[in-house]
Amino acid sequence: MATAKAYAAASATSALAPFQIERRAVGPHDVQIEIAYCGICHSDLHQVRDEWGGSKYPMVPGHEIVGKITAVGAHVKAFKVGDLAGVGCMVDSCRTCPSCQRKLEQFCEKGVAWSYNSTEMDRVTPTYGGYSSSIVVDEAFTLKVSPKLDLAAAAPLLCAGITTYSPLRHWNTKKGDKVGVVGLGGLGHMAVKIAAAMGAEVTMLSTSKSKEADARKLGAHHFGLTSEDATFKRLAGQFDLIIDTISAPHDYNKYLGLLRIEGAMVLLGVPPEPTPVAAHALIGGRKILTGSLIGGIQETQEMLDFCAEHGIVSEIELIPVQQVNEAYERMLKNDVRYRFVLDMKTL
Ligand code: NAP
Ligand code: ZN
Ligand code: ZN
């Protein structure tokens with residue numbers, strides 16, 4: 001066992017504060033990673049504040065983890081000391097159920113061991129995330145990060161990157177497809193970059209007029225202001241695919257009207273409250289309303305390799321860990337361009 005420094009929330013109403021955790025001894029299949037950077041995902045905030053229910057405390061959030069390998073177990077094959085590595089939302093799964101066999105560990109039928117606010121597969125040992133100085137993870141859940149990418153800006157690929165890449169791939173996004181991305185935050189800006197790199201014609205659908213120039217710089221070809229009803233009339237029936245990343249309750253029915261016949265809208269954002277969907281919004285046009293949850297480990301590696309090939313990283317604001325509570329407040333005020341990343345040297 002080794003002691004690691006961390007930042008933790010003691011309850012749903014307390015601010016994150018310095019904390020100490022124990023990391024397990026490096027087992028035969030484990031790697032030990034000295035964490036260099038960790039992104040701040042809106043899911044961290046939802047869970048710290050127990051907005052989805054069932055949160056476990058003390059909670060050390062963080063699932064956009066990158067760093068350098070400092071030790072490897074005797075049977076580790078794919079990594080060596082000094083390699084760059086990443087860890088995302090999962091640290092283990094049962095590995096034998098039909099979902100795990102299909103490389104969809106995120107849907108493990110025995111329940112995933114999430115990187116934090118969860119337990120290891122023994123269902124006893126709590127897991128602690130990346131707002132910490134080090135982590136010990138099985139190599140099967142460790143990703144390779146290309147040295148070609150800026151390491152701090154690559155951290156958000158481990159959640160925001162794979163969460164947007166996976167549905168774009170699943171719905172077979174290809175050159176010329178019309179893709180709408182809803183919400184220009186951490187997930188949304190990765191969706192724009194990745195969809196554009198796949199050759200799609202991308203429209204940013206945002207409540208923030210002030211983000212239009214950024215959206216175009218990120219690769220969006222068009223912009224629609226969703227606070228104006230005229231936008232929904234102008235773009236009705238246009239999109240093959242809509243990627244919805246909004247973190248707060250909003251009217252799905254309006255966005256379904258923007259899909260072409262048999263188009264699909266994928267929910268990625270997880271607002272705390274449910275929103276009603278009218279049958280009318282789906283039946284006229286045989287439309288598809290669906291969702292997506294991160295991506296499997298193999299697909300996460302595929303996404304990291306795709307990003308290395310296309311030079312894609314996140315647009316980040318690198319901050320010292322002491323500013324994490326302020327960053328949460330700014331995220332709620334929609335004041336993030338477009339991902340906060342914690343510099344773990346400052347811990
Ligand atoms: P974020 O950086 O805070 O971005 C959310 C964006 O949604 C904002 O930038 C804003 O974009 C828009 N928005 C926020 N409040 C809104 C409101 N009241 N009405 C309309 N639009 C609003 O968050 P994130 O880290 O990208 O995460 C987004 C959501 O995805 C969260 O719910 C998170 O938990 C979830 N998530 C899901 C998965 C998954 O696997 N499915 C993985 C990671 C995160 P505009 O200013 O452009 O309107
Ligand atoms: Zn996340
Ligand atoms: Zn499984």
Side-chain angles (χ1 to χ4, degrees), residues 38-49 51-52 61-65 88-90 92-117 121 129-130 155-167 181-192 204-212 214-215 218 220 223-227 243-251 254-255 266-273 275 290-296 300 314-317 327-340:
C38 184
I40 298 180
C41 179
H42 206 114
S43 302
D44 298 347
L45 187 154
H46 287 306
Q47 292 177 86
V48 161
R49 301 196 178 173
E51 292 176 354
W52 296 339
H63 56 210
E64 293 183 338
I65 301 167
C89 299
M90 302 183 281
D92 208 351
S93 71
C94 87
R95 307 183 194 199
T96 56
C97 75
S99 296
C100 286
Q101 282 180 359
R102 286 180 62 199
K103 314 274 183 209
L104 298 170
E105 297 89 353
Q106 73 272 34
F107 307 131
C108 175
E109 292 173 15
K110 300 273 161 56
V112 177
W114 301 106
S115 305
Y116 69 87
N117 192 23
M121 292 310 285
L157 299 180
L158 275 303
C159 176
I162 182 58
T163 300
T164 50
Y165 180 89
S166 183
V181 175
V182 186
L184 188 50
L187 264 55
H189 91 291
M190 292 313 307
V192 170
M204 185 67 230
L205 298 162
S206 170
T207 61
S208 309
K209 179 76 185 144
S210 60
K211 294 181 185 174
E212 177 167 359
D214 284 352
L218 293 163
F223 184 88
L225 190 61
T226 52
S227 50
I243 301 285
D244 181 348
T245 76
I246 298 181
S247 51
H250 57 290
D251 185 1
K254 283 175 81 171
Y255 293 91
V266 184
L267 304 183
L268 297 181
V270 194
E273 299 92 33
T275 306
T290 182
S292 190
L293 179 66
I294 52 169
T300 305
S314 187
E315 303 300 310
I316 65 164
E317 183 174 338
Y328 278 23
E329 290 313 313
R330 284 183 53 197
M331 191 154 60
L332 282 176
K333 280 192 265 170
N334 205 352
D335 176 22
V336 46
R337 300 287 186 278
Y338 282 89
R339 197 56 139 189
F340 290 114

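Not measured: the values here are computed from a predicted model. Counting starts at 1 for both ligands and their atoms, following the listed order. Both backbone and side-chain heavy atoms feed into the values below; hydrogens, waters and symmetry mates do not.
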Hey, does the side chain of S115 reach the backbone of C89 with a donor-acceptor pair shorter than 3.5 angstrom?
yes
If we only consider heavy atoms of F223, is any one of them less than 4.0 Å away from an atom in ligand 1?
no
Please give me the minimum heavy-atom distance between T300 and I162, naming the atom from each residue.
OG1-CG1, 3.4 Å
Shortest non-hydrogen separation from V192 to A215 and the atoms involved
CG1-O, 4.2 Å
Quick one: nearest non-hydrogen protein atom to atom 26 (O) of ligand 1, plus distance?
L187 N, 2.8 Å
Nearest heavy atom to atom 8 (C) of ligand 1 wins, so pick from D214, V336, N334, D244.
N334
Examine L268 against ligand 1 and note whether any of their N/O atoms are separated by less than 3.5 Å.
yes
Among protein heavy atoms, which sits nearest to atom 7 (O) of ligand 1, and what does the distance come to when rounded to 0.1 Å?
I246 CA, 3.7 Å
Compute whether any side-chain donor of one residue and acceptor of the other, for S43 and H63, lie under 3.5 angstrom apart.
no
I'd like to know if the side chain of Q101 reaches the main chain of T96, judged simply by a donor and an acceptor atom lying under 3.5 Å from each other, with no hydrogens or angles considered.
yes
Any N/O pair G186/ligand 1 closer than 3.5 Å:
yes
Mark up the atoms of ligand 1 that fall under 4.0 Å of a heavy atom belonging to S43, in ascending order.
33 (C), 34 (O), 35 (C), 36 (N), 43 (C), 44 (C)
Taking all non-hydrogen atoms of both residues, which atom of G186 and which atom of A160 are closest, and how far apart?
O-CB, 3.8 Å
Among all protein heavy atoms in this structure, tell me which lies nearest to atom 11 (O) of ligand 1, with the distance rounded to 0.1 Å.
L184 N, 3.1 Å
What are the protein N, O or S atoms, given as residue plus atom name, that sit under 2.8 Å from the Zn ion (ligand 2)?
C41 SG, H63 NE2, C159 SG
Donor-acceptor pair, side chain of D44 and main chain of C41, under 3.5 angstrom:
yes
Sub-4.5 Å side-chain heavy-atom contact between E315 and V336
no
Could you tell me whether some N/O pair between L205 and ligand 1 is separated by less than 3.5 angstrom?
no
W114 side chain to D92 main-chain N or O, any donor-acceptor pair under 3.5 Å?
no
Anything protein N, O or S sitting under 2.8 Å from the Zn ion (ligand 3): count it and give me the total.
4
Would you please say whether a donor-acceptor pair under 3.5 Å links the side chains of E317 and Y338?
no
S206 side-chain N/O to S208 backbone N/O, donor-acceptor pair under 3.5 Å
yes
Check ligand 1 against S208 and write out every atom of the ligand that is under 4.0 Å from a heavy-atom position of the residue.
45 (P), 46 (O)
If you measure every N or O of I294 against every N or O of ligand 1, does any of those distances drop under 3.5 Å?
yes
So, for H250 and D244, which heavy atoms are closest and what is the spacing to 0.1 Å?
NE2-OD2, 2.6 Å
At under 4.0 Å between heavy atoms, which part of Y328 makes contact with ligand 1: side chain, backbone, both or neither?
neither
Among all protein heavy atoms in this structure, tell me which lies nearest to atom 14 (C) of ligand 1, with the distance rounded to 0.1 Å.
S247 OG, 3.7 Å
Could you go step by step and tell me if D214 and E212 meet the side-chain contact (heavy atoms from CB on, under 4.5 Å) rule?
CA-CA 5 Å; D214 284 352; E212 177 167 359; over 6 Å; no
Side-chain contact, heavy-atom cut-off 4.5 Å: R330 with F340?
yes
Work out which heavy atom in P61 is nearest to a heavy atom in Y328; give both atom names and the distance.
CG-OH, 3.9 Å
Atoms of ligand 1 under 4.0 Å from any heavy atom of L293, numbered from 1 in the order shown, are 40 (O)
Rounded to the nearest 0.5 Å, how far does CD of Q47 lie from CG of N117?
4.5 Å
Tell me, which protein residue and heavy-atom name are nearest atom 1 (P) of ligand 1, and how many Å apart are they?
H42 ND1, 3.7 Å
Give the atom numbers and elements of ligand 1 that come within less than 4.0 Å of a heavy atom of S206.
45 (P), 46 (O), 47 (O), 48 (O)
Report, as yes or no, whether the 6.0 Å neighbourhood of atom CZ on R102 holds more than 12 heavy atoms from other residues, nucleotides or ligands.
no
Non-hydrogen atom of K211 closer than 4.0 Å to ligand 1:
yes
Main chain of L205, side chain of T226: is a donor-acceptor contact present, judged purely on distance under 3.5 Å?
no
Got the closest protein heavy atom to atom 18 (N) of ligand 1, with its distance?
A248 CB, 3.3 Å
Give the residue and atom name of whichever protein heavy atom lies nearest to atom 28 (C) of ligand 1, and the separation in Å to one decimal.
T245 O, 3.0 Å
Going by the order shown, which atoms of ligand 1 are within less than 4.0 Å of some heavy atom of M331?
3 (O)
Between V270 and ligand 1, does any nitrogen or oxygen pair lie at a separation below 3.5 Å?
yes
Can you list the atoms of ligand 1 that are under 4.0 Å from a heavy atom of R339?
24 (P), 25 (O)
Do I243 and P167 come within less than 4.5 Å of each other through their side chains, counting heavy atoms only?
yes
Which residue owns the protein heavy atom closest to atom 48 (O) of ligand 1, what's the atom, and how far is it?
T207 OG1, 2.6 Å
At less than 4.0 angstrom from any non-hydrogen atom of C159, what atoms of ligand 1 do you find?
42 (C), 43 (C)
Run the numbers for me: atoms of ligand 1, each under 4.0 Å from some heavy atom of G269, listed by number.
29 (C), 30 (O), 32 (O), 35 (C)
Just wondering, do E105 and S99 contact through their side chains at under 4.5 Å, heavy atoms?
no
Looking at K110 and C97, would you say the former's side chain and the latter's main chain have a donor-acceptor pair under 3.5 Å?
no
Under 4.5 Å between any side-chain heavy atoms of R339 and L187, yes or no?
yes
